[in-house]
Number of protein chains: 2
Amino acid sequence: MTWTDHFPELKKLPEPSQSMVERAGRVVSLPAGAVVFGPGQPPQNYLLLINGTVRVHQLSEAGREIVLYRVTAGESCAMTTACLIGDEVYQAEGVAETPIEAVALPKAAFDEAISKSPEFRRFVFAALSSRMTNLFKLIEEVAFSRIDIRLAQRLLDLAGDSDRVPMTHQQLASELGTAREVISRQLTEFQRRGWVATSRGALTIVDAAALRQLINAR
Amino acid sequence: MTWTDHFPELKKLPEPSQSMVERAGRVVSLPAGAVVFGPGQPPQNYLLLINGTVRVHQLSEAGREIVLYRVTAGESCAMTTACLIGDEVYQAEGVAETPIEAVALPKAAFDEAISKSPEFRRFVFAALSSRMTNLFKLIEEVAFSRIDIRLAQRLLDLAGDSDRVPMTHQQLASELGTAREVISRQLTEFQRRGWVATSRGALTIVDAAALRQLINAR
DNA sequence: ACTGCGTCTGTGACGATGTCACGGTCGGTT
DNA sequence: AACCGACCGTGACATCGTCACAGACGCAGT
């Protein structure tokens, strides 16, 4: 068993592409909280995530931040791909949210794989274009959506299957690119309506249906 | 002389790539105001702009809009590229701002050129990654920048070498993804300070230095 | 248990931006 | 001249961001 088992699309590569990619990649591990990449650095490797999640966020000079997207197991990092191809430096920061395992494919091997394997190329650029689509959606939300709706969406998303969101108000504010006070007020209101229950450093979704209804209204 | 003369990067392609690309592309013309592509459509062709500019903007359900970027002569459209590669439909709208001439390369020929010519590939993906970089910048501005600063930047940008911006307040609002009233108030203030002179459907920049200073302050 | 101490949360005041509802002005057409 | 649609100005109010500050909570050390 090799690391390509984690990436169904790569596992289907015809030989000799697959073994080429397998041999060139090194598996690396990082602890939760590690900075995977940061603004100003040029990327050295193409990254494929095997385990864990990486949060990619933009930082403003004023200290505010907004989450651009998350990279989850089985995905590659769009910003790394774009910078690698365009020979640019990172603009955003990537932070491991959990302990992670990833495959690092050196730039030279990446270039070679891109040029020699149409399937690998499709895998890389399909991921890139899908992330680009997400970014357009994000722009629309930041520019035009009300904060209560965005918060409701994000809470449901972060809770996943559970009903628990183990984050502080400040962290939620950073998710949406807004200020802590704004989140505090919205959550107070959500709680008043019986939609969530708050506690220090976490909250519980009580009435998910109501949150979904808020999102779909107007 | 062929249309590849308009694209220095393509002109340098080694044979037989260049003649392949040249033969497959058709030159098309559209009048100013024409909708080049719109939400929900799948792209049919890779587009290279020879003359004119195309404005690509996102529309919200509420009728607001924001300009994502412009495609100018010698460039390709990032959204078209991304959708073509990822087999997705357009999310935004592209409108010809001037009469345009463009080269349309059918999807099949595009795929073939991508796979057979490393140089063409580099040209395509460098453009894509550079546009992606711009989008991150846009997100930061929308999320964190004050509207007066964004307006000043955009005015200087739209004026170019001249000092004239022939747009209505509504059009400027659509550039920045805000409301007309907001622009009206900002321009009233700019005029009060003697930085611009307004007239119906256009404005003139009187003190570009002051606008630049506003941008660089804080 | 008591005491600090840093982090997290709540809140009022106010500025900046978005929304709504008007009314006035300008240019071109009939 | 009269009309009409597009463009612009403005007040009132809602929402969101910023600032300042206070209280509450959890943890460490005693």
Side-chain angles (χ1 to χ4, degrees), chain A residues 33 58-66 139-155 164-193 196-204 214-215 217-218, chain B residues 33 58-66 139-155 164-193 196-204 214-215 217-218:
Chain A
Q58 180 97 281
L59 303 161
S60 81
E61 332 75 42
R64 293 255 300 273
E65 66 178 79
I66 181 171
I139 291 174
E140 179 175 337
E141 285 181 4
V142 172
F144 304 131
S145 273
R146 297 174 47 92
I147 199 73
D148 52 354
I149 293 176
R150 291 178 59 210
L151 177 58
Q153 285 174 333
R154 194 55 71 108
L155 290 181
R164 195 158 174 74
V165 180
M167 300 175 76
T168 67
H169 296 184
Q170 179 58 64
Q171 287 172 322
L172 288 170
S174 296
E175 289 283 324
L176 303 180
T178 184
R180 178 193 57 83
E181 296 91 324
V182 174
I183 299 296
S184 288
R185 281 177 196 132
Q186 293 295 336
L187 286 181
T188 303
E189 178 63 16
F190 284 3
Q191 188 167 31
R192 195 188 63 75
R193 297 188 188 175
V196 304
T198 66
S199 63
R200 189 181 174 88
L203 65 82
T204 307
L214 170 69
I215 293 168
R218 62 181 94 217
Chain B
Q58 180 98 284
L59 302 161
S60 82
E61 333 74 41
R64 293 257 299 273
E65 66 178 78
I66 182 171
I139 290 174
E140 179 175 337
E141 285 182 3
V142 172
F144 304 130
S145 273
R146 295 172 48 93
I147 200 72
D148 52 355
I149 293 175
R150 292 179 59 211
L151 178 58
Q153 285 174 333
R154 195 56 71 108
L155 289 180
R164 197 158 172 73
V165 181
M167 298 176 77
T168 67
H169 295 184
Q170 178 58 64
Q171 287 172 323
L172 288 170
S174 296
E175 288 284 323
L176 303 180
T178 182
R180 177 192 57 84
E181 296 91 324
V182 175
I183 299 296
S184 289
R185 280 176 199 136
Q186 293 295 337
L187 287 181
T188 302
E189 178 61 16
F190 284 2
Q191 187 167 30
R192 194 187 65 74
R193 297 188 189 175
V196 304
T198 66
S199 63
R200 191 182 174 85
L203 65 83
T204 307
L214 170 68
I215 294 168
R218 65 180 91 214

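Each chain gets a letter, A, B and so on, in the order its sequence line appears, and its residues count up from 1.
Per the geometry, CD belonging to A:E141 stands 18 Å off C1' belonging to C:dG18, to the nearest Å. Remark: C1' of D:dT15 and CG of A:L214 are 14 Å apart, rounded to the nearest angstrom. For the pair A:Q171 CD and C:dT9 C1', the computed distance is 14 Å after rounding to whole Å. For the pair A:E181 CD and D:dC19 C1', the computed distance is 8 Å after rounding to whole Å. Going from atom CD1 of A:I183 over to atom P of C:dT7 covers 21 Å, rounded to whole Å. Taking atom CE of residue A:M167 and atom C1' of nucleotide C:dC8, one finds them 14 Å apart after rounding to whole Å. Nucleotide D:dC8 holds its C1' atom 13 Å from the CG atom of B:L203, rounded to whole Å. If you measure from atom CG of B:L187 to atom P of D:dG9, you get 8 Å, rounded to the nearest angstrom.
A:R64 comes within contact range of the sugar-phosphate backbone alone, with a heavy-atom separation under 4.0 Å but no base atom that close. Contact annotation for A:S199: backbone-only contact, meaning every heavy-atom pair under 4.0 Å involves sugar-phosphate atoms and none involves a base.
Closest approach to the B:R185 side chain among D:dC25, C:dT17, D:dT10 is made by D:dT10 (side chain taken as heavy atoms from C-beta onward).
Across all non-hydrogen atoms, the minimal contact from A:R64 to A:A179 is NE-N, 4.5 Å.
Summary of the strand contacts: A:T178 and A:R200 both lie near DNA chain D, and taking for each the nucleotide with the nearest heavy atom, the more 5' one is attributed to A:T178. Place A:R180 and A:I147 on DNA chain D by their nearest nucleotides, and A:I147 ends up nearer the 5' end. Along DNA chain C, the nucleotide nearest to A:A143 and the one nearest to A:T168 differ in position, and the one closer to the 5' end is contacted by A:T168. For A:T198 and A:F144, each mapped to the nucleotide of DNA chain C holding its nearest heavy atom, the one lying further toward the 5' end belongs to A:T198.
Ion pairing of A:R185 with A:E181 is absent here, as no side-chain N (NZ or NE/NH1/NH2) approaches a carboxylate O to less than 4.0 Å.
An OP1 or OP2 oxygen of D:dA6 is reached within less than 4.0 angstrom by no side-chain nitrogen or oxygen of B:H169. The shortest distance between the side-chain N/O atoms of B:S184 and the OP1/OP2 oxygens of D:dC8 is not below 4.0 Å. A sub-4.0 Å separation between OP1 or OP2 of D:dC16 and a side-chain N or O of A:Q186 is present.
Rounded to the nearest 0.5 Å, atoms CG (B:L214) and CZ (B:R146) are 8.0 Å apart.
Between the base of C:dC8 and the side chain of A:Q170 there is no donor-acceptor pair shorter than 3.5 Å.
Remark: A:E141 engages A:K137 in a salt bridge (charged side-chain N to carboxylate O under 4.0 Å, His left out) (not counting sequence neighbours).
Between the side chain of A:T178 and the main chain of A:S174, no donor-acceptor pair closer than 3.5 Å is present.
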